[in-house]
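Taking it in order: structure first as structure tokens, then the write-up.
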Amino acid sequence: MKKYIAILFVAGAAGALALAGCDKPAPRDGGQAWVAEGKTMGTFYRVTLASPPAGVLAGLQDSISRQLEQDNHELSTYQQDTVLSRFNHYPGTDPQPVSANMADIVTTALRIGAKTGGAMDVTVGPLVNLWGFGPDKQPRTMPDQRQIDQARARVGLRHLRLIEDDKGQWLQKDLPDLYVDLSTLGEGAATDHLAALLERRGITRYLVSVGGAVVSRGLSPQGVPWRVAIQRPTDKEIDAQAVVDLQGHGISTSGSYRNYYELQGKRVSHIIDPVTGRPIEHKLVSATVIATTALEADGWDTGLMVLGSEKAQALAEQQGLAVYLISKTATGFATWMSPQFKSYIISQEDASADTAHRQ
Ligand code: FAD
């Protein structure tokens, strides 16, 4: 299992809590919750229900598994027989039919991609693979500029088009070897889909997480709002920097402190700047976004990570986003949150030894 920024679920008298920034399912709460959890998409999922109505649990675990399999079958680039892999390997440029679900995700990707000035770019796949993330193996040496330029020539949102009419939806590329990587959005989409599945069954008190994306609704088993914690960027599995009440929204965290490797004395992050073609190196280590859906939050967090703290703050303010950033300082961490984020905060820890803590 890879390391991810995720969400933690903690119990206690004060209520349940889920943490953004963990790579394993957090402990069960021991309360009156129904929990389904397991592995999916190279990470973990967890569905927690508080006092589920009678009868709704029959076959629920199977439905959850089927929904996750369906998303995986559509969105994965780690398997060859998925809808997305077939599109990537299709040698032509004719429009290819896709589901309404895939169209929705690509629409979100193109919109957020444009708003981040191409920092979030789902065609970044060749660079992700070149740097040893994605399905390809880790490189043994740093890619050289020629390899980076070759990969960059295959990257750009302008090469990807979504066509929608009353007959359906199609995805079209104008470069035959364009490679679309929806990894950054897949967890958010899957989280929303699980929440929708619960809603269809009349379930209104739930906390759902897939990797670093979470959605909650209603009250926890303790009868208080579900509490979601943002992971402090440390190696400790459970180390909350701040705790929020999602108020029925989605949250997602992207970070550079868990999914990386060391090569030739340098830390290589899985977040790639499409402009330079290289992994990010700046001081922003984690970006958390709360939005109406986990998909939306999952799209923005990666774009903000690419932009770095200063540009991310400016964009969050310009777009009115609920954003929480953690940056590395000489002696610890500094945090920043947009005005929109403040209304979700329940508590937060001091960020660093030098108390370089800004709000
Ligand atoms: P996020 O910050 O949400 O996204 C970062 C990821 O997005 C990077 O790892 C890269 O893939 C991509 N990316 C990097 N830079 C950019 C950029 N500038 N713009 C857009 N995207 C960028 N992993 C496995 O190991 N095995 C699997 O079998 C597997 N299956 C998966 C199936 C699906 C359907 C999906 C969606 C993902 C799968 N993954 C798998 C990948 C993995 O679980 C994570 O989704 C992925 O690594 C990103 O999650 P994150 O939250 O860590 O990072």
Side-chain angles (χ1 to χ4, degrees), residues 1-7 20-23 39-45 67-80 82-85 101-102 105-106 108-110 112-113 116-138 151-152 155-157 160 179-191 193 209-214 231 251-261 268-280 284-289 294-308:
M1 272 305 120
K2 285 195 289 191
K3 305 280 182 188
Y4 294 106
I5 317 306
I7 304 288
C22 212
D23 69 328
K39 293 178 183 175
T40 187
M41 301 179 182
T43 184
F44 296 90
Y45 76 90
Q67 180 60 57
L68 290 168
E69 275 164 29
Q70 190 181 322
D71 281 331
N72 207 46
H73 178 70
E74 233 171 9
L75 306 175
S76 180
T77 49
Y78 288 78
Q79 292 172 16
Q80 297 304 304
T82 66
V83 175
L84 187 58
S85 284
N101 169 45
M102 177 80 100
I105 295 169
V106 172
T108 303
L110 293 175
I112 296 177
T116 59
M120 202 286 274
D121 184 338
V122 292
T123 70
V124 77
L127 289 164
V128 171
N129 290 334
L130 177 67
W131 284 96
F133 298 97
D136 292 358
K137 285 200 180 120
Q138 188 170 306
R152 272 185 64 217
V155 172
L157 288 174
L160 183 66
Y179 183 103
V180 177
D181 174 5
L182 294 177
S183 288
T184 193
L185 292 158
E187 293 171 358
T191 306
H193 295 157
S209 65
V210 180
V214 180
Q231 168 79 11
I251 188 170
S252 179
T253 296
S254 177
S256 57
Y257 61 95
R258 287 278 170 95
N259 195 0
Y260 67 89
Y261 59 85
V268 180
S269 164
H270 69 133
I271 311 280
I272 312 289
D273 184 343
V275 174
T276 62
R278 293 172 182 276
I280 55 166
L284 180 61
V285 286
S286 141
T288 298
V289 178
L295 172 65
E296 185 79 13
D298 209 3
W300 280 107
D301 63 2
T302 309
L304 298 177
M305 272 305 294
V306 172
L307 290 172

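In each ligand, atom 1 is the first atom listed, and ligand 1 is the first ligand listed. Residue indices begin at 1 and follow the sequence shown.
Closest of all the heavy-atom pairs between Met120 and Gly303 is CB-CA, 3.8 Å. Listed here is the closest heavy atom pair of Ala294 and Ser252: O-CB, 4.4 Å. In this structure, Pro274 and Asp121 approach most closely via the heavy-atom pair CG-CB, 3.8 Å.
Note: an N/O pair closer than 3.5 Å links Glu187 and ligand 1 by distance alone. Residue Met41 places at least one N or O, backbone or side chain, under 3.5 Å from an N or O of ligand 1. Here's the thing with Asn72: none of its N/O atoms is less than 3.5 angstrom from an N/O atom of ligand 1. Remark: ligand 1 and His270 share an N or O pair separated by less than 3.5 Å (distance only, no angle test). Backbone and side-chain nitrogen or oxygen atoms of Val122 are examined, and none is located within less than 3.5 angstrom of a nitrogen or oxygen of ligand 1. The shortest N/O to N/O separation between Asp301 and ligand 1 does not fall below 3.5 Å.
The backbone N or O of Asp273 sits nowhere less than 3.5 Å from a side-chain atom of Arg278 that would complete a donor-acceptor pair. Within the 3.5 Å criterion, the main-chain N or O of Gly156 finds a donor-acceptor partner in the side chain of Thr123. Trp131 places a side-chain N or O within donor-acceptor distance of the main-chain N or O of Gly277, the cut-off being under 3.5 Å. Of the possible polar contacts, one joining the Ser85 side chain to the Gln79 backbone as a donor-acceptor pair under 3.5 Å is found. With hydrogens and angles disregarded, a donor-acceptor distance shorter than 3.5 Å links the side chain of His193 to the backbone of Ala189. Put simply, the side chain of Asp181 never gets that close to the backbone of Val124: no donor and acceptor are under 3.5 Å apart.
If you number the atoms of ligand 1 from 1 as listed, the ones under 4.0 Å from a heavy atom of Met120 come out as 19 (N), 20 (C). Ligand-side atoms of ligand 1 in range of Ser254: 1 (P), 2 (O), range being under 4.0 angstrom from any heavy atom. Below 4.0 Å from some heavy atom of Leu75 lie the following atoms of ligand 1, by number and element: 34 (C). Counting atoms of ligand 1 from 1 in the listed order, those under 4.0 Å from a heavy atom of Gly186 are 36 (C). Residue Asp298 has at least one heavy-atom neighbour below 4.0 Å for each of these atoms of ligand 1: 3 (O). Ligand 1 places these atoms under 4.0 Å from at least one heavy atom of Gly42: 23 (N), 24 (C), 26 (N), 27 (C), 29 (C), 30 (N), 40 (C), 43 (O). Less than 4.0 angstrom separates some heavy atom of Asp181 from each of these atoms of ligand 1: 10 (C), 11 (O), 12 (C). For ligand 1, the atoms sitting less than 4.0 Å from at least one non-hydrogen atom of Val306 are 18 (N), numbered in the order shown with element in parentheses.
Counting heavy atoms under 4.0 Å from ligand 1, residue Tyr78 touches it through the side chain alone. Proximity of Leu185 to ligand 1, defined as any heavy-atom pair under 4.0 Å, is not found for any part of the residue. Heavy atoms of Asp273 found under 4.0 angstrom from ligand 1: none, in either backbone or side chain. When non-hydrogen atoms are compared, ligand 1 lies under 4.0 Å from the backbone of Ala119 (N, CA, C, O) but not from its side chain. Of all the heavy atoms of Thr184, the ones lying under 4.0 Å from any atom of ligand 1 are found in both the backbone and the side chain.
Contact annotation: Pro274 has at least one heavy atom less than 4.0 Å from an atom of ligand 1.
Side-chain atoms of Leu75 and Thr82, non-hydrogen and from C-beta on, never get closer than 4.5 Å to each other. Put simply, the side chain of Tyr78 does not reach to within 4.5 Å of the side chain of Asn72, judged on heavy atoms. Taking the side chain as every heavy atom from C-beta outward, Tyr179 and Thr77 approach each other to under 4.5 Å.
In this structure, of Val128, Thr302, Thr253, the residue bringing a heavy atom nearest to atom 1 (P) of ligand 1 is Thr302.
Shown are Met41, Met102, Glu187; of these, the side chain to side chain contact (heavy atoms under 4.5 Å, CB included) with Asp71 is made only by Met41.
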